[in-house]
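Just so you know, residue 1 is the first one in the sequence shown, and it goes up from there. The shown structure was predicted, so the numbers you read here are calculated from the model rather than taken from an experiment. Counting starts at 1 for both ligands and their atoms, in listed order.
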Amino acid sequence: MAIKNHILGFPRIGLHRELKIAQENYWLKKITLNELLAVGRKIRKKNWKIQIESGLDYVTVGDFAWYDHVLNISMMINNIPKRHCINEKKLNLDTLFRIARGSKLTDKNCSASEMTKWFNTNYHYIVPEFTCDQNFCFSWKQIIEEVDEALSLGYPVKPVLLGPLTYLWLGKIKGIYFNKLDLLKKILSVYQEVLLELSLRKIKWIQIDEPILVLDLPEDWKKAFNYSYKVLNNNKIKILLATYFGDIHHNLEIINNLSVNGLHIDLIAGKYNLSQLHKNLNDKLLLSLGVINGRNIWKANILKWFHKLQSFMKIKNTFWISSSCSLLHVPLDISIEDNLTDFVKSWFSFGVQKCLELSILSRALNKKLDIQELDNWIKPIDEYKSSNIVNNTVVQERVSKISFDQIKRKNNFIIRSKIQKNELNLPILPTTTIGSFPQTKEIRKLRLDYKNRVINQKDYEKEIKIHIKNNIIQQEKLGLDVLVHGEPERNDMVEYFSEYLEGFVFTKYGWVQSYGSRCVKPPIIVGDISRITPITVKWSKFAQSLTKKPVKAMLTGPVTILCWSFPREDISKENISNQIALALRDEVLDLENSGINIIQIDEPALREGLPLRKKEWTNYLSWSVKSFKLCSSGVKDSTQIHTHMCYCEFNDIMPSIVDLDADVITIETSRSDMELLEFFKTFKYPNDIGPGVYDIHSPNIPTIKWIEKLLIKALQYISPERLWVNPDCGLKTRNWIETSLALQNMIQATINIRKNFLKK
Ligand code: GLN
Ligand code: ZN
């Protein structure tokens, strides 16, 4: 058949998060290794069955991972950080989990490897570690075992591996600096071995993922591509080079000269004119066209694709169609949802439905299916557009009338700062926290009981108030200057807010892997967004009524709510973000009217939403900054706006951070020595800033001396009038003992610095 179909990968967590449950039970020693392995086999078997029964031409094998697919490669090539090696005869699953999670098994320091975001997605991978003298070997043969497993079930197998260059690119150098590419040759020889073993199994095609081909690559990396694929080509197995998350126009020259047999391109994230592309491409390459969105959950307009691809068939009559990227980023199956109406469900395609879309589309292109089927499939798309769940003219009008005045504070920071200083009467180096206090078992149970209707609203609110009161008492006792209510009522900082906003729907089983055994259930933005009722006001007001000190209210910002949801696609992200901003702007004003003088708007996702390529940054930063300001600028000069971001690598977007014009920003510095501060040597941040003085991700209690040292360092770059003192993120994951001890030391250190250092 002329048109074949496949996917780049399927979700590995199982329909009911079986993988998560099994992993966690194994870690708790509640199940044996064999039981864990059996769960993995069952998930894979089911995933392959779904692919074949949907009508795909291949099953993708190698997308499964016990923790993460980048870590799979570290295991495969025996790249095990030294601290995790404990003289095992053979690498095994425990080795893998040690790297991912750290371990206390030995007396050595066995901290987990770092984790970071997989390109611009919300999936986190385990960062490979490289040292200059390293050697590699084919030590973990999971890929071969899984291929054999699928072959024994009689499936047409297409294995997938993360490519050597992307793997190397994503890793970090440990110890003495060297050029990572120096390791390439050694890594390639392991890949060669893997390919050879696969080709012995009469595998026709292997998919090798090199998503870094959508980035702007340095020259030596471009050259390395040519070399690498020459080495890997063995004439026995065909290589389908997979690119995704963007287009590859800027790297076409390299790609055309590679010794590969096929090329996958992402037609969702990348902008391609197919016939133009074909003219510029090496004619011998088999094309795999990523037409079904692997990053979002909307039903695809396969009729539109049908017409597009049918005319492309006149130029090239053989190609494959596929998902744009792996389906790792979407939930498994919409059909099991029992929370949504059939009408709403009909708008979505999750993993299983995306396989079906590919199947319908390819059968239609191969003239094996009546075009009417395509029509039937897409009917809900039209119904969606005209649904009154989607359209809210009041919101649309409000967005269309956003004025310059709305995105600007009344006066500049210098004027505001004076007014706020008078009004708030805070000491020099004010102390505060980022918002959440320990989320104890009790609090979690309380929320769950309320959700499951075990307790009624009145009793629930009574209990929440007790927690808030306790948080206030603790903070007063500690002597903090700006207090918070502690967020006991919040599960997740995005889900909590979206539940109070019109325009969102929520799935019950729509889990997506975030990392390891952790899954998230992103809300889905289906319509124009507006606020149903005030969200946080009653809690902040209650907290403020308990104390004379200022209580800082806490909101999640528009860009973060957008980034951590599945967005609608019929309007721009900018538009969605502005809708959320307007809804939150009302919340900000209600808070102000209820007597709250300090409001923090968290934007941890602003940096991670940054496009992969620099040329797209300006546009993104311009609308995201505008949204933040739309949300925050309606207040009086005397109301102090804070923002918080949890990362330290934002030197490159500093001008935009300044443009947010928050009165105070609290940020995560480096896990170590406030590396970020060096930056302020050359860059004068104009407003107030609180670089986190200790790492809340670690249970270690920072000493007074340590914090003093950091504050003295901070004062070299930031004037005392501008400096705030705070932990580097929210305290929800810590317990109360750790929290009180750490805050006590933070406050004592601040008092010491105020007394000894600033008086001199
Ligand atoms: N206010 C939130 C908290 O303290 C911020 C969380 C975050 O930055 N991720 O938990
Ligand atoms: Zn944070």
Tell me which part of Met645 gets within contact of ligand 1: side chain, backbone, both or neither, using heavy atoms under 4.0 Å.
neither

Between the side chain of Glu476 and the main-chain N/O of Ile472, is any donor-acceptor distance below 3.5 Å?
no

Answer yes or no: are there more than 12 heavy-atom neighbours, outside Lys20 itself, under 6.0 Å from its atom NZ?
yes

Cation-pi geometry met for Arg490 and Phe497 (6.0 Å, 45°)
no

Under 4.0 Å, heavy-atom basis, I'd like to know which part of Ser436 is in contact with ligand 1: side chain, backbone, both or neither.
both

I'd like to check the side-chain contact (heavy atoms from CB on, under 4.5 Å) partners of Ser565; sequence neighbours left out, ordered by chain and number.
Val494, Phe504, Pro523, Ile525, Ile561

Counting non-hydrogen protein atoms only, what is the nearest one to atom 2 (C) of ligand 1? Give residue, atom name and distance.
Asp602 OD2, 3.3 Å

For the Zn ion (ligand 2), how many protein N, O or S atoms lie at less than 2.8 Å?
3

Give yes or no for whether the N/O distance cutoff of 3.5 Å, strictly under, is met between Cys729 and ligand 1.
no

Are Lys172 and Glu114 ion-paired here, with the side-chain N under 4.0 Å from a carboxylate O?
yes

Within 45° of the ring axis of Phe437 and under 6.0 Å from its six-membered ring centre, is that where the NZ or CZ of Lys732 lies?
no

Centre of Trp617's six-membered ring, under 6.0 Å away, within 45 degrees of the axis: is that where NZ or CZ of Lys614 sits?
yes

